[in-house]
Number of protein chains: 2
Amino acid sequence: MAVTIKDVAKLADVAPSTVSRVIANSPRISDRTKEAVREAMNELGYHPNFNARSLANQSTKTIGVVMPNSANKTFQNPFFPEVIRGISSRSHQLEYGLYLSTGQTEDEIFEEVQDMVLGKRVDGIILLYSRVNDKVMNYLHQQKFPFTVIGRPYEPSMTDLTYVNNDNFKAAKTVTEYLLLLGHEKIAFIGGNLDFVVTVDHMEGYRKALTNAGIDLRDEYVVFHEELQEGGQEAVIDLMSLAERPTALIVADDIMTFGVMRMLAEMEMSVPDDVSIISFNNVTISELSSPPMTTVDINIFSLGYEAASCLIDLIHKPGIEPKQVLIPHKMIKRQTCQRLTPKLNEKAK
Amino acid sequence: MAVTIKDVAKLADVAPSTVSRVIANSPRISDRTKEAVREAMNELGYHPNFNARSLANQSTKTIGVVMPNSANKTFQNPFFPEVIRGISSRSHQLEYGLYLSTGQTEDEIFEEVQDMVLGKRVDGIILLYSRVNDKVMNYLHQQKFPFTVIGRPYEPSMTDLTYVNNDNFKAAKTVTEYLLLLGHEKIAFIGGNLDFVVTVDHMEGYRKALTNAGIDLRDEYVVFHEELQEGGQEAVIDLMSLAERPTALIVADDIMTFGVMRMLAEMEMSVPDDVSIISFNNVTISELSSPPMTTVDINIFSLGYEAASCLIDLIHKPGIEPKQVLIPHKMIKRQTCQRLTPKLNEKAK
DNA sequence: ATGAAAGCGCTAACAC
DNA sequence: GTGTTAGCGCTTTCAT
């Protein structure tokens, strides 16, 4: 079909194996022949066939990126383009390609992952989420296939995994303490899907801070919602229907916060005068809410970048120690948090 | 290494070719042997090797997705996850995988694309953008490699391309007319990067509507900005510094609109009381601006879905006629447009 | 320093 | 219906 290594060999008057060595830039080939072969390549417009290479090499130079089921709107979150940008960036540097999962349901994704590993379609996999008791993660683990997780494995027993994560527990704790310092005591927590480990960690941080402060955790103040924007809106309805309205809200995700703020505006409640809000992620549009939201920057790009780094390391040195990378976070104070005034406290009742 | 077709053949006591035929579910194999072979497969846990298949077949069953250079923030737009979701959905149905470009600059991307086609890494390519005089598009075209474009080719002469697009000209024209009907005459246009064909089309639609209405197009009212959110903010500064401020804004992209609205809020100008805004795309967060923005839904998911459909068609039937698919758009009226009152007209001066 | 040849795992043309 | 065999294009011992 196309021009192959043989054609080049013929033209350069050498053996195919020599051409192969030139491609690999083997030091055992004389500069003279290297030159000649390269010339022949150019003349013929030779380009190595990827599949042939992969087959002979048992290596594809591509990494699989597995997203959560895109059936629901999770995927709409600007979080994903940004992690992928991070992964992309590092993969490109290290000359790895990216293969994307396309499944919409958990089962479809599981099938795809099996295909990727058993069919040797990729050299390693990055999991873009960490769900409690996740089939895919268990499978990869048990297959001993190179993979890294963005987030933390749900089981402490999975100590031999490589993952990159934020200290979500601490972030949530700090954020709660911050609100406490501002005088808030009725602090509600609007979490994401409880199946995701990050949600659990947020929850625990929130709980811990309250406990430390000697404040009872009220069940009515803790709600979880899967859907991003709709969830935010529903959560607000639930929370603001309570006899004792919260004066501050901790929201799992910036996009959700947009929903929260929208609904609050509709109720003619003002942020931060009537209620303070702080959330997580600091995606790019976050600074464009009205008012701009206070949030925790979790360094999404780095999460992706490091995950790719670790994975490729894992691929190159199979026996290597599992590594846990913690990406720092940082509170970004903008305009949705305010000191609680006694007057507001009244009003809230 | 792993279990191959030969192992299965041996166990089932047939020839390797028979096993291959069973995989392809060839009708020329008796049900009896099919059963036997399948059993052997299960017993051994056989899974076909992808690379071997691709090599023998000259077909990879994967499609390359090429994004604009992610170095700048273009990529942050929720537009991309959504097109990809569309592409994903269709590809999955048709059992194609997705391979993503990772290059950050135009040159890097070009190199990658060459690799994909020359290295036979993918069977076809979807271009997620359409830039004026784009190297990649030209290359693909000249190589006669199967590809589809989301957007319209910049050259009318490229009549043999398959692409899926919105009628961006018409959408922009309609939107301008709508503002005109609301009594606005000082209508500004905030466009995206002029290198993108969509920007040109928007521009033309805007111009046409004004001309039809007998209104002169003022150069000061037309600004272009590459960066999404920052661009929106800068544009507002420029526009509102004019002696005669516009009373209405047409913004190329919802995300930009967030920036626009943020800046307007900072200037204490109210939307839609002081200025009306209408924009394009209707990404998911669009309804969560305050106030919720009026925008044109361009059906992003369908753009991706159809692009994948067309491409795979192109791959299966090489000689097929090029096709142009037009995805309908729809104005979504929310709360950022208002009839111009004489009083407002005064104020604007 | 280079060549010959086997093999990566699968498909397909050709036999029977 | 099923087996034989020759590739697909590259890498990699093993010779020399």
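Proteins get letters first, then strands, A, B, ... in listed order; numbering begins at 1 in each.
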Under 3.5 Å, side-chain donor or acceptor atoms of residues 310-327 of chain B against the rest of the protein: list the pairs with distances, not counting sequence neighbours.
{"unit_1": "B:His316", "atom_1": "NE2", "unit_2": "B:Tyr96", "atom_2": "OH", "d": "3.0"}
{"unit_1": "B:Gln324", "atom_1": "NE2", "unit_2": "B:Leu161", "atom_2": "O", "d": "2.5"}

Which residue pairs pass the salt bridge (Lys or Arg N to Asp or Glu O under 4.0 Å) test when at least one of the two sits in residues 132-157 of chain A, sequence neighbours left out?
A:Asp107-A:Lys135, A:Arg131-A:Asp134, A:Arg152-A:Asp201

Which heavy-atom pair separates B:His47 from A:Gly119 by the least distance, and what is that distance?
CD2-N, 3.6 Å

Write down the distance between [atom1] ([X]) and [atom2] ([N]), rounded to a whole number of angstrom.
{"X": "B:Asn51", "N": "D:dT11", "atom1": "CG", "atom2": "P", "result": "13 Å"}
{"X": "A:Lys6", "N": "D:dG9", "atom1": "NZ", "atom2": "P", "result": "9 Å"}
{"X": "A:Lys10", "N": "C:dT2", "atom1": "NZ", "atom2": "P", "result": "20 Å"}
{"X": "B:Ile23", "N": "C:dC10", "atom1": "CD1", "atom2": "P", "result": "6 Å"}
{"X": "B:Met41", "N": "C:dG9", "atom1": "CE", "atom2": "P", "result": "15 Å"}
{"X": "B:Lys120", "N": "D:dC10", "atom1": "NZ", "atom2": "C1'", "result": "14 Å"}
{"X": "A:Leu44", "N": "D:dG9", "atom1": "CG", "atom2": "C1'", "result": "15 Å"}
{"X": "A:Asn25", "N": "C:dA1", "atom1": "CG", "atom2": "C1'", "result": "15 Å"}

Table please: side-chain donor-acceptor pairs of residues 39-46 of chain A below 3.5 Å, with sequence neighbours left out.
none

Which atom pairs, donor and acceptor, lie under 3.5 Å between side-chain atoms of residues 300-307 of chain A and protein residues at least two apart or in another chain?
{"unit_1": "A:Ser302", "atom_1": "OG", "unit_2": "A:Asn299", "atom_2": "OD1", "d": "3.0"}
{"unit_1": "A:Tyr305", "atom_1": "OH", "unit_2": "A:Arg90", "atom_2": "NH1", "d": "3.4"}
{"unit_1": "A:Tyr305", "atom_1": "OH", "unit_2": "A:Gln93", "atom_2": "OE1", "d": "3.0"}
{"unit_1": "A:Tyr305", "atom_1": "OH", "unit_2": "A:Gln93", "atom_2": "NE2", "d": "3.4"}

Any side-chain N or O of [X] below 4.0 angstrom from OP1/OP2 of [N]?
{"X": "B:Thr4", "N": "C:dC8", "value": "no"}
{"X": "B:Arg53", "N": "C:dG9", "value": "no"}
{"X": "A:Thr33", "N": "C:dT2", "value": "yes"}

Just checking [X]: base, sugar-phosphate only, or nothing, at a heavy-atom cut-off of under 4.0 Å?
{"X": "A:Tyr46", "result": "sugar-phosphate"}
{"X": "B:Leu55", "result": "base"}
{"X": "B:Ser54", "result": "nothing"}

Nearest heavy atom decides the nucleotide; on that basis, is B:Asp31 or A:Ile5 closer to the 5' end of DNA chain D?
B:Asp31

Mapping B:Asp13 and A:His47 to their closest nucleotides on DNA chain D, which lands nearer the 5' end?
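Upstream on the strand: B:Asp13.
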
Would you tabulate the pairs of protein nitrogen or oxygen atoms and nucleotide nitrogen or oxygen atoms of nucleotides 12-14 of chain C closer than 3.5 angstrom?
{"unit_1": "C:dA13", "atom_1": "N6", "unit_2": "B:Arg21", "atom_2": "NH2", "d": "2.8"}

Can you work out whether A:Val14 or B:Pro48 has the more 5'-proximal nearest nucleotide on DNA chain C?
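Comparing both residues, the 5'-ward one is A:Val14.
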
Among residues two or more places apart or on two chains, list those pairs meeting side-chain hydrogen bond (donor to acceptor under 3.5 Å, both in side chains) that have a residue in residues 10-24 of chain A.
none

Distance in Å, A:Asn193 CG paired with A:Tyr129 OH, rounded so as to fall on 0.5 Å steps:
12.0 Å

